[in-house]
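First the structure, in the form of structure tokens, and then the observations on it.
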Amino acid sequence: MKNIKNSFNRFVRTIKKNLKKVKEEHLIREYIKNNILFLTFVITCVVNSTMLRIFCINTVENYLAIAPILADLAIIIIVGGLGYLVKSKNRFGYYLGFSIFFTAICLINSIYYTYYTSFASVSMLSLTQYVGDVGDAVVEQVINFKDFLYILGPVILICVNSKLKKKNYYKKVEIKSERKKKTLKTIGVGAVIAIIFVLTLTPTDMSRLVKQWNREYIVMKYGIYIYQANDVIASIQPQINSLFGYDKAKKNFKDYFNDREEHKENEYTNIFKDKNVIVIHGESLQENLMEMSFNGQDVTPTLNRLADEGMFFSNFYSPVSVGTSSDSELMFNTSLMPTKNGTAFVSYSNRTYNATPKLLAEQGYYTFSMHGNNGDFWNRRSMHESLGYKKFYSKEEYDVTKENTLGLGINDYAFFDQSVEKIKKIDEKYDKWYGLLIMLSNHTPFAELDKYGEFPVDMKETKTNEDGTTEEVTYPYMEGTKLGNYIKSAHYADGAIGELMKQLDENGLLEDTVVIIYGDHDARLPRKDYDRLYNYDKENDDTLDKDDPNYKEYDSYQYELGRKVPLIIWSKDMAGTDLNKEYTDAMSMYDVEPTMANMFGYSNEYALGHDIFDIKDKNVVVFPNGNWLTNKVYYNSQKEEYLSLTDEAISEEEIKKNSEYANKLLDVSNDIIVFDLLKKDQTDENRVIKNQEEGLSLIHISEPTRQAEIS
């Protein structure tokens with residue numbers, strides 16, 4: 001104990017001595033004066049990465065946490081330290097090149113986060129071919145003034161270098177013999193900072209870096225530069241795993257489904273067996289739209305009516321990842337979750353899937369899908385074939401004109417009108433059919449207001465004057481805002497659904513048919529856009545102050561919980577029956593397939609979701625970032641805290657149990673797709689069945705022979 005104390009005292013004395021020396025000899029001032037370009041490079045790069053976390057405040061609230069700053073600083077110092085090995089005349093080019101590189105990482109992630117509410121992945125590079133199709137969306141909604149601030153880093157570096165050259169600075173400070181010494185010392189400082197950073201990490205932090213489900217968490221803990229490096233490794237991991245990780249994945253896959261309880265029949269079993277099915281994929285439709293009205297007009301009168309007449313699932317979530325619409329299709333059809341890296345539609349379209357179209361085709365259904373956009377967008381042409389659609393009608397099969405184009409393609413009214421004609425021919429030819437109609441008009445950026453028709457999102461009031469007369473006063477309210485434009489666009493899309501239902505009915509296509517409508521994902525608008533909606537100050541045409549007694553708090557939890565989308569199952573004769581009601585149990589997009597399987601009389605033994613009528617209030621909705629939701633609680637894995645939805649305390653045991661379940665589900669789902677486990681499992685089963693059949697045949701043949709020999 002005495003030796004430890006003496007060692008510590010010596011260490012303290014050494015530190016004090018060195019600090020005194022630094023102070024007396026003005027070493028800090030001398031260091032700054034002799035390393036201006038290096039310090040400019042370090043500071044601008046770290047400022048950029050910190051700005052990124054600030055701009056992503058919706059998810060990453062603790063943006064000034066020390067850990068990610070240390071991580072970014074260590075990376076930048078080490079990279080900058082290597083610059084001392086470069087001759088002084090070329091050193092500026094080295095720093096500028098890396099400054100542009102790090103700036104590009106921040107800029108791309110800032111734009112990507114604004115559009116997808118997630119950070120960029122190199123596995124998504126194959127989607128750059130579609131940028132032309134969504135160019136307007138990117139320019140009008142995604143690229144903001146804040147994104148240009150990142151460019152100031154390289155600009156400042158250029159200005160500093162220009163000033164230093166004029167002063168003949170580099171020849172004065174350059175000492176050839178010290179270049180290697182400076183490099184080693186600088187890298188050493190970077191290494192020390194890196195070690196300090198590592199000491200701040202927990203086993204949970206390490207695990208999440210490897211899994212990379214929760215990108216926001218990684219950026220918050222590790223900084224953007226380590227995240228991006230780790231993403232490169234994770235993006236090539238599927239190829240590595242396919243060589244080394246199959247056995248472990250297969251075992252986990254088998255164990256997971258062996259432990260699952262078998263599905264039991266319930267009151268909803270086979271209620272829709274052999275009925276035709278029309279699925280409407282509602283682009284960016286949120287459930288909260290159904291609760292909105294402006295000046296006495298509902299935003300979504302069609303959805304409201306169908307919900308009142310059918311089965312309405314009001315606590316329904318679409319936990320998409322970077323694949324957005326394609327992720328929702330994957331979950332709806334296969335009961336699998338989005339992949340950890342990239343998207344299943346783009347990266348894994350050649351896998352074997354137990355999908356609703358394929359399973360219904362085995363029941364004698366003709367299956368088809370329809371979409372008014374380019375058939376290769378999200379690689380749908382290939383993926384829809386893998387899902388089991390017999391025919392995919394894309395943009396090429398529609399009469400698309402300048403007049404009927406809205407946003408990315410043919411408007412929903414024209415799309416539905418032409419689709420009905422195609423469905424009529426299908427109905428004449430096939431006894432039963434299953435069809436998917438993918439909407440398009442309500443796609444971001446919600447900018448073509450002149451084509452949405454009249455739907456004011458202002459606030460009108462009747463005001464009584466002092467003389468007793470009345471007049472109508474109009475306040476702007478949501479007019480001119482992104483959220484207001486989205487509401488107008490959604491009202492237009494709702495009207496198109498209403499027109500589709502009318503045409504289907506007029507053509508007799510609603511007889512013996514079930515219509516399923518789902519919102520593919522939320523509108524992905526920032527949380528701050530809702531402040532004006534819920535806290536409008538009409539007198540000042542502004543948002544109420546937070547200290548105003550009428551201010552309604554809309555925090556990050558309410559924002560996450562408010563991203564529900566509608567799910568409606570409707571048939572013509574359903575109103576007034578036992579089926580016609582609201583279902584409030586927490587439900588996910590990947591629960592739809594097993595729920596449908598029960599009602600339509602088919603099965604998928606490898607569904608990750610549950611029949612909601614089987615599991616009911618015990619369901620756990622899992623999100624790709626590891627968050628989860630039940631009827632009682634919403635858990636944020638990033639903050640490691642929960643919000644009770646019933647004012648009940650939640651036990652640590654329940655938190656742990658559901659978190660382990662969420663992680664296991666995400667891992668198994670990813671393994672199923674990456675390792676193509678369904679194909680391999682079905683191949684193994686077929687081999688076993690074949691061997692059993694051959695064995696039975698041998699027994700059947702050999703038995704009479706044996707008896708003859710005995711006799």
Side-chain angles (χ1 to χ4, degrees), residues 127 129-130 132-134 136 276-284 324-326 328-330 332-333 345-346 349-350 353 355-358 360-361 365-443 448 451 492-493 495-510 513 515-518 520:
L127 294 182
Q129 59 184 305
Y130 305 129
D133 295 327
V134 293
D136 292 341
N276 298 324
V277 190
I278 291 178
V279 177
I280 300 173
H281 172 114
E283 173 64 47
S284 303
T324 57
S325 296
S326 71
S328 67
E329 283 191 64
L330 174 79
F332 181 89
N333 282 293
F345 267 52
V346 175
S349 63
N350 61 344
Y353 295 97
T356 296
K358 181 188 294 184
L360 283 177
Y365 278 77
Y366 178 74
T367 57
F368 61 92
S369 56
M370 298 176 169
H371 188 35
N373 197 0
N374 183 334
D376 293 318
F377 196 94
W378 285 124
N379 198 34
R380 280 191 174 101
R381 197 184 308 279
S382 175
M383 187 63 176
H384 279 208
E385 183 179 349
S386 295
L387 295 176
Y389 290 106
K390 300 296 183 184
K391 171 71 175 177
F392 175 37
Y393 298 85
S394 61
K395 186 176 182 179
E396 292 77 9
E397 278 80 27
Y398 286 86
D399 181 17
V400 183
T401 65
K402 184 177 180 180
E403 290 72 25
N404 68 19
T405 296
L406 194 164
L408 301 184
I410 186 171
N411 69 57
D412 287 338
Y413 280 87
F415 168 65
F416 284 146
D417 182 60
Q418 294 181 38
S419 295
V420 168
E421 293 302 313
K422 301 180 193 305
I423 296 173
K424 281 167 59 179
K425 294 178 181 178
I426 291 170
D427 185 60
E428 292 170 0
K429 189 173 181 180
Y430 299 97
D431 292 333
K432 51 186 180 180
W433 39 265
Y434 170 94
L436 169 70
L437 281 70
I438 303 174
M439 298 177 69
L440 191 59
S441 296
N442 195 40
H443 195 286
E448 299 188 52
K451 296 184 179 181
Y492 173 90
I497 295 175
E499 186 62 28
L500 168 66
M501 298 300 290
K502 179 183 175 183
Q503 289 192 44
L504 289 171
D505 195 19
E506 289 174 350
N507 286 278
L509 296 172
L510 291 181
T513 297
V515 178
I516 301 175
I517 304 172
Y518 68 84
D520 67 341

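From a predicted model like this one, the values you see are computed outputs, not experimental measurements.
For K425 and E428, the salt-bridge test fails: no basic side-chain N is under 4.0 Å from an acidic carboxylate O. Classification of E329 and R380 as a salt-bridged pair holds, one side-chain N sitting under 4.0 Å from a carboxylate O.
Taken from CD1 in I423 to CZ in F368, the straight-line distance is 4.5 Å, to the nearest 0.5 Å. The distance from atom CD1 of I280 to atom CG of L436, rounded to the nearest 0.5 Å, is 10.0 Å.
A cation-pi arrangement is not found for K432 relative to Y434, the charged atom failing to lie both closer than 6.0 Å to the ring centre and inside a 45° cone about the ring normal. In this structure, K422 satisfies the cation-pi test against Y398, with its NZ or CZ atom closer than 6.0 Å to the six-membered ring centre and inside 45 degrees of the ring normal.
Judged by distance alone, with hydrogens and angles left aside, the side-chain atoms of Q418 form no donor-acceptor pair with the main-chain N or O of F415 at under 3.5 Å. T367 places no side-chain N or O within 3.5 Å of a backbone atom of A361 that could act as its donor or acceptor partner. Although no hydrogens or angles enter the test, the distance criterion places no donor-acceptor pair under 3.5 Å between the side chain of N404 and the main chain of I410. A donor-acceptor contact shorter than 3.5 Å is absent between the side chain of N507 and the backbone of L509. Of the possible donor and acceptor atoms, one in the side chain of K358 sits under 3.5 Å from a partner among the backbone N and O of Y353. A donor-acceptor distance shorter than 3.5 angstrom exists from the side chain of N442 to the backbone of E283, with no hydrogens or angles considered. Judged by distance alone, the side chain of E499 and the main-chain N or O of Y413 form no donor-acceptor pair under 3.5 Å.
Taking the six-membered ring wherever Trp is involved, the centroid distance between the rings of Y393 and H371 does not fall below 6.0 Å. Between Y365 and Y430, the distance separating the two ring centers is not shorter than 6.0 angstrom.
Between Y518 and H281, the ring planes lie perpendicular to each other; the angle is over 60°, past the 30° to 60° tilted range.
Remark: K451 NZ is packed, more than 12 non-hydrogen atoms of other residues, nucleotides or ligands lying under 6.0 Å away.
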